[in-house]
Number of protein chains: 2
Amino acid sequence: MKRKITLKQIARELEVSISTVSKALSGSKEISEDTTQKIQAFAKLYNYRPNNIALSLKNRKTKTIGILIPEIVHHFFSTVIFGIERVANKRGYNVIVGLSNESFTKEIINMEMLANGSIDGFILSISKETLLKQDYHHFHATINQGMPIVMFDRVVSEVDCDKVIVDDFNGAVKAVNMLINKGCENIALLTTMDYVSVGRLRTQGYLEALERNNIEPNSDLILKINDSLNSADHLEFLENEINKFFELNPNIDGVFAVNELYAITAMKVAKKIGLKIPEDIQVIGFTDGVLSKHATPTLTTVSQHGQRIGEQAANLLIDRLESEDVEPDSFIVNSNPKSDFIKLVIETEIIERESTK
Amino acid sequence: MKRKITLKQIARELEVSISTVSKALSGSKEISEDTTQKIQAFAKLYNYRPNNIALSLKNRKTKTIGILIPEIVHHFFSTVIFGIERVANKRGYNVIVGLSNESFTKEIINMEMLANGSIDGFILSISKETLLKQDYHHFHATINQGMPIVMFDRVVSEVDCDKVIVDDFNGAVKAVNMLINKGCENIALLTTMDYVSVGRLRTQGYLEALERNNIEPNSDLILKINDSLNSADHLEFLENEINKFFELNPNIDGVFAVNELYAITAMKVAKKIGLKIPEDIQVIGFTDGVLSKHATPTLTTVSQHGQRIGEQAANLLIDRLESEDVEPDSFIVNSNPKSDFIKLVIETEIIERESTK
DNA sequence: TTGTAGGCGTTATCAC
DNA sequence: GTGATAACGCCTACAA
């Protein structure tokens with residue numbers, strides 16, 4: 001077992017100085033043909049590779065991106081990671097993943113763990129608990145330390161940073177519009193509690209679409225589901241809630257659900273009580289995951305393009321990291337660093353499947 | 001924007017030496033009460049945290065684990081990551097993720113990228129292409145460099161390292177046994193091509209169960225599906241294959257599928273051609289993912305306990321990393337480092353749902 | 001053409 | 001009690 005070889009060892013072995021080795025390996029023409037050749041051959045033989053940690057320390061940049069997300073066993077988030085990793089890798093960066101599990105404390109711990117030199121910047125989506133608490137001091141702190149953050153999906157206006165968001169509002173408008181155009185007259189909304197901003201935006205989109213079509217919103221047709229329960233009991237609870245809801249409102253002929261699970265469950269309940277999809281009731285869900293594609297009938301969804309979100313976020317972050325390099329040299333007067341944060345809105349796309357006519 | 005503060009800056013500010021600051025902060029009692037207090041207060045005020053990179057360089061360990069997997073948008077793998085992250089975090093480690101996308105080359109590039117000091121050890125699952133090529137030199141190389149590897153799920157006997165695997169063989173036996181006990185007489189096997197070892201093991205389990213029950217295996221009832229196509233066309237292809245298969249073998253009353261997708265698709269096709277589940281045909285799939293839980297009918301599956309796999313793998317790796325620290329001091333004669341690699345077999349568990357009687 | 005020295009941030013050893 | 005020094009591995013400005 002031969003440990004990784006270092007410049008020092010090569011130098012000792014070849015009886016030259018460390019800097020000669022360094023220069024020879026980087027192809028500097030300060031060094032003579034002969035020694036360069038000799039050194040490069042030796043290095044190749046022993047498979048020399050510069051130590052990343054040493055480089056990081058010297059260059060004060062690690063070439064790695066920290067991702068901090070609420071959960072990973074989740075189609076949307078893993079898709080985003082996939083997108084991030086893709087461009088990160090292409091641009092020479094690694095990716096380090098931290099999970100908050102929707103917990104405020106774990107989010108903070110993870111941030112501190114990574115912010116101490118391990119990474120050059122963050123790409124993150126805020127945990128539910130943090131959103132509830134509305135305590136964003138840890139974001140401000142790391143930004144103040146000069147570490148850039150790019151937020152995606154669950155973002156918050158209180159923090160100044162680059163953001164990549166889904167066009168939740170218009171996605172919902174499009175979906176509900178489609179239901180209306182396909183003949184639905186009593187469209188139900190299945191949504192979450194308000195504190196997760198995306199849920200709120202999707203609800204607003206639902207209302208907006210109704211208004212544009214001169215349909216009076218009916219609060220009976222809106223079901224707000226408490227999603228704070230954990231998965232074990234959650235599924236049953238969900239089915240019961242939706243079941244009650246459908247029985248109270250037998251006139252429902254269209255459903256817009258703010259996430260895939262609600263949509264799938266709505267279909268399941270509908271089928272159980274004898275409704276035909278899409279003949280009797282049409283369903284559209286936000287978020288295009290595995291379930292939608294494989295449900296029977298397959299589910300029409302609003303796709304968020306998770307991969308694109310990840311790619312854009314990574315590009316945004318890396319662009320900022322690499323532009324910072326130049327900053328100290330440039331004396332642009334209007335650099336205006338406070339307000340030129342970018343907010344990318346990723347358009348949604350409706351994927352039509354069998355649950356709509 | 002105040003950059004992260006360093007020992008040097010504290011020292012300068014307080015007009016003491018760097019080493020005094022270092023000692024004071026680590027609570028050494030070499031330093032007087034007074035200065036210790038003063039320094040600690042100052043450090044707290046400026047929120048001093050030691051720089052991880054510098055520590056890594058000094059200690060020659062990064063306290064981070066490299067995960068290298070074929071894909072991340074995949075329930076099983078993300079579950080494993082979840083498990084790894086959990087124990088890694090608990091034990092003070094970070095987790096850096098690389099994706100091979102089932103590509104041999106990307107696997108190598110990622111390994112080399114991470115092996116140059118960025119991590120202390122690997123947890124990985126081998127890409128399909130690598131398994132096909134049977135070229136494992138990169139694993140040997142990194143192990144030879146003194147970097148431990150723990151493989152999970154897709155492992156290979158040619159590489160000497162710790163392994164955590166699913167009991168694919170017995171899982172399959174259990175599943176097929178269950179089908180037999182529930183009255184199935186013509187059990188079909190839906191499997192992949194042979195080169196992915198887990199597929200082969202599950203196939204062997206299927207055969208074993210038949211044999212134990214004195215049932216003559218019938219090659220007509222085994223469908224090997226070419227899964228090298230990409231997802232776009234794959235689904236349709238899959239449905240067609242299974243459809244043809246079912247039509248050729250109308251006597252099938254039980255299906256064991258080596259993965260969730262095949263099982264779900266089999267159910268879909270069965271329903272389409274008018275078979276009732278589980279009355280006419282019962283189905284069990286390997287891998288317990290989201291689809292199984294939400295399909296109609298819900299699918300009986302063989303759960304692999306992905307999270308536990310991840311946890312065990314992480315514990316194995318960290319145990320090895322932290323035992324290495326002691327090694328140089330201990331002069332145990334029978335240390336026998338070559339052959340004491342651990343192979344953990346995680347038992348599967350059948351989760352009964354509606355697709356079986 | 002080659003080598004020396006300093007520094008990235010930290011800790012540990014040893015001297016004062 | 002406090003501080004100087006070396007070392008982790010690398011790079012680079014500056015000497016020789």
Side-chain angles (χ1 to χ4, degrees), chain A residues 2-40 42-43 46-63 115-120 145-147 325 328, chain B residues 2-40 42-43 46-63 115-120 145-147 325 328:
Chain A
K2 39 180 185 189
R3 269 232 115 67
K4 292 233 69 173
I5 198 171
T6 68
L7 287 186
K8 192 195 248 189
Q9 292 167 46
I10 299 182
R12 182 155 9 101
E13 214 66 34
L14 262 40
E15 299 182 299
V16 289
S17 79
I18 294 179
S19 57
T20 305
V21 178
S22 174
K23 286 172 187 164
L25 289 179
S26 65
S28 157
K29 51 206 156 92
E30 281 181 43
I31 308 298
S32 73
E33 278 283 311
D34 271 16
T35 37
T36 301
Q37 290 246 309
K38 198 173 50 175
I39 291 175
Q40 288 191 343
F42 190 90
Y46 283 89
N47 192 32
Y48 169 80
R49 295 271 180 281
N51 179 310
N52 281 333
I53 296 294
L55 287 180
S56 296
L57 185 58
K58 173 129 198 58
N59 303 329
R60 288 124 139 273
K61 60 182 57 144
T62 60
K63 290 272 191 179
N116 296 318
S118 302
I119 61 166
D120 295 340
Q145 275 171 153
M147 172 152 311
D325 295 353
Chain B
K2 41 182 182 186
R3 270 230 115 67
K4 293 232 69 173
I5 199 170
T6 67
L7 287 186
K8 192 195 247 189
Q9 292 167 46
I10 299 182
R12 185 159 2 106
E13 214 67 33
L14 261 41
E15 297 183 299
V16 288
S17 80
I18 295 179
S19 50
T20 304
V21 178
S22 175
K23 286 171 188 165
L25 289 179
S26 65
S28 157
K29 52 205 156 92
E30 281 181 48
I31 308 297
S32 72
E33 279 281 313
D34 271 16
T35 37
T36 301
Q37 291 245 308
K38 198 173 52 176
I39 291 175
Q40 288 191 344
F42 190 90
Y46 283 89
N47 192 32
Y48 169 80
R49 294 272 179 284
N51 179 310
N52 280 333
I53 296 295
L55 288 180
S56 296
L57 184 59
K58 178 130 198 52
N59 303 330
R60 289 128 139 276
K61 60 182 55 144
T62 59
K63 290 275 194 175
N116 296 317
S118 302
I119 60 166
D120 295 338
Q145 276 172 149
M147 172 152 310
D325 296 352

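A quick note: this is a predicted structure, and the numbers were derived from the prediction, not measured.
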Who pairs with B:Ser56 by side chain to side chain contact (heavy atoms under 4.5 Å, CB included), at least two apart in sequence or on another chain?
A:Ile53, B:Thr62
Here's a test of your reading of the structure: between B:Leu57 and B:Thr36, which maps to the more 5' nucleotide of DNA chain D?
B:Thr36
What's touching nucleotides 10-13 of chain D from the protein side, N or O pairs under 3.5 Å?
unit_1 : atom_1 : unit_2  : atom_2 : d
D:dC10 : OP1    : A:Tyr48 : OH     : 2.8
D:dC10 : OP1    : A:Asn51 : N      : 3.2
D:dC10 : OP2    : A:Leu7  : N      : 2.7
D:dC11 : OP2    : A:Ser22 : OG     : 3.4

Between the side chains of B:Ser26 and B:Ser28, does any donor sit under 3.5 Å from an acceptor?
no
Would you compute the distance between atom NZ of A:Lys38 and atom CD of A:Glu15 and round it to the nearest 0.5 angstrom?
8.5 Å
Hits for side chain to side chain donor-acceptor pair (under 3.5 Å) against B:Lys58, two or more places apart or cross-chain, chain-then-number order -> none
Could you list where the contact with chain A starts and ends along DNA chain C, reading 5' to 3', using a 4.0 Å heavy-atom cut-off?
C:dT1 to C:dG9
Taking five pairs at each end of the helix from C:dT1-D:dA16 to C:dC16-D:dG1, what angle separates the two helix axes (nearest 10°)?
70°
Using a heavy-atom cut-off of 4.0 Å across all strands, would you classify B:Thr35 as base, sugar-phosphate, or nothing?
sugar-phosphate
According to ring-ring contact (aromatic ring centres under 6.0 Å, His included), who are the partners of A:Tyr48, at least two apart in sequence or on a separate chain?
none
Comparing A:Ser17 with B:Gln9, nearest DNA chain C nucleotide closer to 5' gives the residue A:Ser17
Just wondering, do A:Gln145 and B:Asn47 contact through their side chains at under 4.5 Å, heavy atoms?
yes
Spacing of OG1 belonging to B:Thr35 relative to CZ belonging to B:Phe42, to within rounding of 0.5 Å:
14.5 Å
For B:Ile18, is there any backbone N or O sitting under 3.5 Å from a side-chain donor or acceptor partner on B:Ser22?
no
Heavy-atom check, side chain of A:Lys63 versus side chain of A:Asn52, under 4.5 Å
no
Within this structure, what is the CD1-to-P distance between B:Ile10 and D:dG3, rounded to whole angstrom?
14 Å
To the nearest 0.5 Å, tell me how far A:Thr20 OG1 sits from A:Glu30 CD.
9.5 Å
